[in-house]
2 protein chains.
Amino acid sequence: MREPLDPDMFDELCPSSLTPIRFGDKWAGMIIRCLEDGPRRFSELRVPLRRVTPKMLTQSLRGLERDGLVRRTVQAPQTHTDEVGPGGAGGRPPSGRIEYALTPLGRSLLGPMAVACAWADEHWEELLDARESAAGTAESARPAG
Amino acid sequence: MREPLDPDMFDELCPSSLTPIRFGDKWAGMIIRCLEDGPRRFSELRVPLRRVTPKMLTQSLRGLERDGLVRRTVQAPQTHTDEVGPGGAGGRPPSGRIEYALTPLGRSLLGPMAVACAWADEHWEELLDARESAAGTAESARPAG
DNA sequence: CGGCATCCAAGTCGATACTG
DNA sequence: CAGTATCGACTTGGATGCCG
């Protein structure tokens with residue numbers, strides 16, 4: 001658990017954007033899934049969600065926080081750096097470590113989200129077919145313009 | 001089944017608008033639920049969804065049709081009106097009876113929707129509490145302006 | 001009855017630049 | 001690192017009026 005998030009997890013080839021089932025705003029569902037395995041820092045979330053501007057990421061997180069689905073915590077920086085860690089020797093102490101984590105309420109959404117994902121997984125081809133058919137009929141209705 | 005739809009089913013007291021789980025556009029979920037028990041005519045849908053302008057109702061229905069969730073059918077009007085029914089004696093024959101019905105794909109959404117409704121039913125109070133707390137802290141952060 | 005056309009207000013989202 | 005500020009495009013949805 002708490003492994004680094006897959007950078008390609010939410011690439012634009014992922015057809016999740018065509019399901020009619022949505023959770024909150026455009027990125028809320030993906031954010032929740034990123035927090036599924038434990039707390040994450042802002043910059044950690046930015047890796048899989050690198051197509052999301054920091055403004056939107058902040059905005060979505062604030063919305064989730066407002067609804068009690070996500071909790072934002074600031075940990076005081078350790079003044080005595082007895083555990084610098086390998087490769088982190090050059091960093092000056094940040095003003096505070098900020099983490100986002102799912103609340104129990106946020107976690108309770110994982111069930112419905114799994115159901116939604118299962119539905120999308122099972123039916124996204126039908127959705128694509130229907131849309132292509134609709135586009136085709138719309139085209140044929142046009143007099144070759 | 002096929003009883004008339006409850007006019008108050010989707011009144012604004014219904015807190016479904018605060019759940020983060022959405023199906024398609026603003027009214028798609030409600031439309032699907034209205035079609036759950038069988039085909040409905042446009043004017044039938046307008047009763048429980050009377051807060052929805054006809055433009056939006058059409059727009060949502062077109063979207064659902066495009067995605068293969070709803071099918072729109074036009075039946076030829078019966079020229080011989082052997083069944084006028086009580087109280088309907090004054091109606092002149094319409095140009096065609098139009099009905100909207102769920103497709104199997106649309107019907108397959110009822111399961112996830114039930115899950116979403118169960119979640120909302122179970123947690124909407126927590127959502128409200130969180131929002132009120134958030135509003136309160138936002139107010140107290142303001143310097144009594 | 002079952003829409004469509006038009007206008008307009010509000011919200012959403014993205015790009016870019018800047019900050020403590 | 002973790003945001004904030006500003007601008008503008010795009011989308012969504014409501015109000016109103018008209019049509020076959």
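Reminder, nothing fancy here: chain letters follow the sequence lines and each chain counts from 1. Please read these numbers as outputs of a predicted model, since none were measured by experiment.
- In this structure, A:Gly29 and A:Met113 approach most closely via the heavy-atom pair O-CE, 3.5 Å.
- For B:Ser43, the listed nucleotide lying nearest its side chain is C:dC1; candidates were D:dA2, C:dG3, C:dC1.
- With rounding to whole Å, A:Gln75 atom CD is found 14 Å from D:dA2 atom C1'.
- For A:Lys26, there are no side chain to side chain contact (heavy atoms under 4.5 Å, CB included) partners two or more places apart in sequence or in a different chain.
- Between C:dG2 and B:Arg41, a contact under 4.0 Å exists linking OP1 or OP2 to a side-chain N or O.
- Atom CD of A:Glu44 is separated from atom P of D:dG3 by 13 Å (rounded to the nearest Å).
- Remark: P of C:dG14 and CZ of A:Arg50 are 14 Å apart, rounded to the nearest angstrom.
- The separation between B:Leu45 atom CG and C:dG2 atom C1' is 12 Å, rounded to whole Å.
- Contact annotation: B:Arg72 side-chain N/O to C:dG3 OP1/OP2 distance is under 4.0 Å.
- The interatomic distance linking A:Leu49 (CG) with D:dG3 (P) rounds to 14 Å, in whole Å.
- Straight-line distance from the CZ atom of A:Arg40 to the C1' atom of D:dA2: 17 Å, rounded to whole Å.
- A:Tyr100 and A:Leu35 make their closest contact through O-CD2, 3.4 Å (heavy atoms, listed as atom of the first residue, atom of the second, distance).
- A:Arg131 is linked by a side chain to side chain donor-acceptor pair (under 3.5 Å) to B:Asp67, counting only residues two or more places apart in sequence or in another chain.
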Each nucleotide of nucleotides 4-14 of chain D classed B (base within 4.0 Å of a protein heavy atom), S (only sugar-phosphate) or -, in 5' to 3' order, makes S-BB-----BB
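- By the 4.0 Å N-to-carboxylate-O rule, B:Arg46 lies too far from B:Glu44 to be salt-bridged with it.
- When all heavy atoms of B:Leu69 and A:Pro20 are compared, the pair lying nearest together is CD1-CG, 4.5 Å.
- Between the CZ atom of A:Arg46 and the P atom of D:dA2 there is a distance of 11 Å, given to the nearest Å.
- For the pair A:Tyr100 OH and D:dA2 C1', the interatomic distance rounds to 7 Å; values are reported in whole Å.
- One hydrophobic cluster, built from ILVMFWY side chains closer than 4.5 Å, holds both A:Trp27 and A:Leu61.
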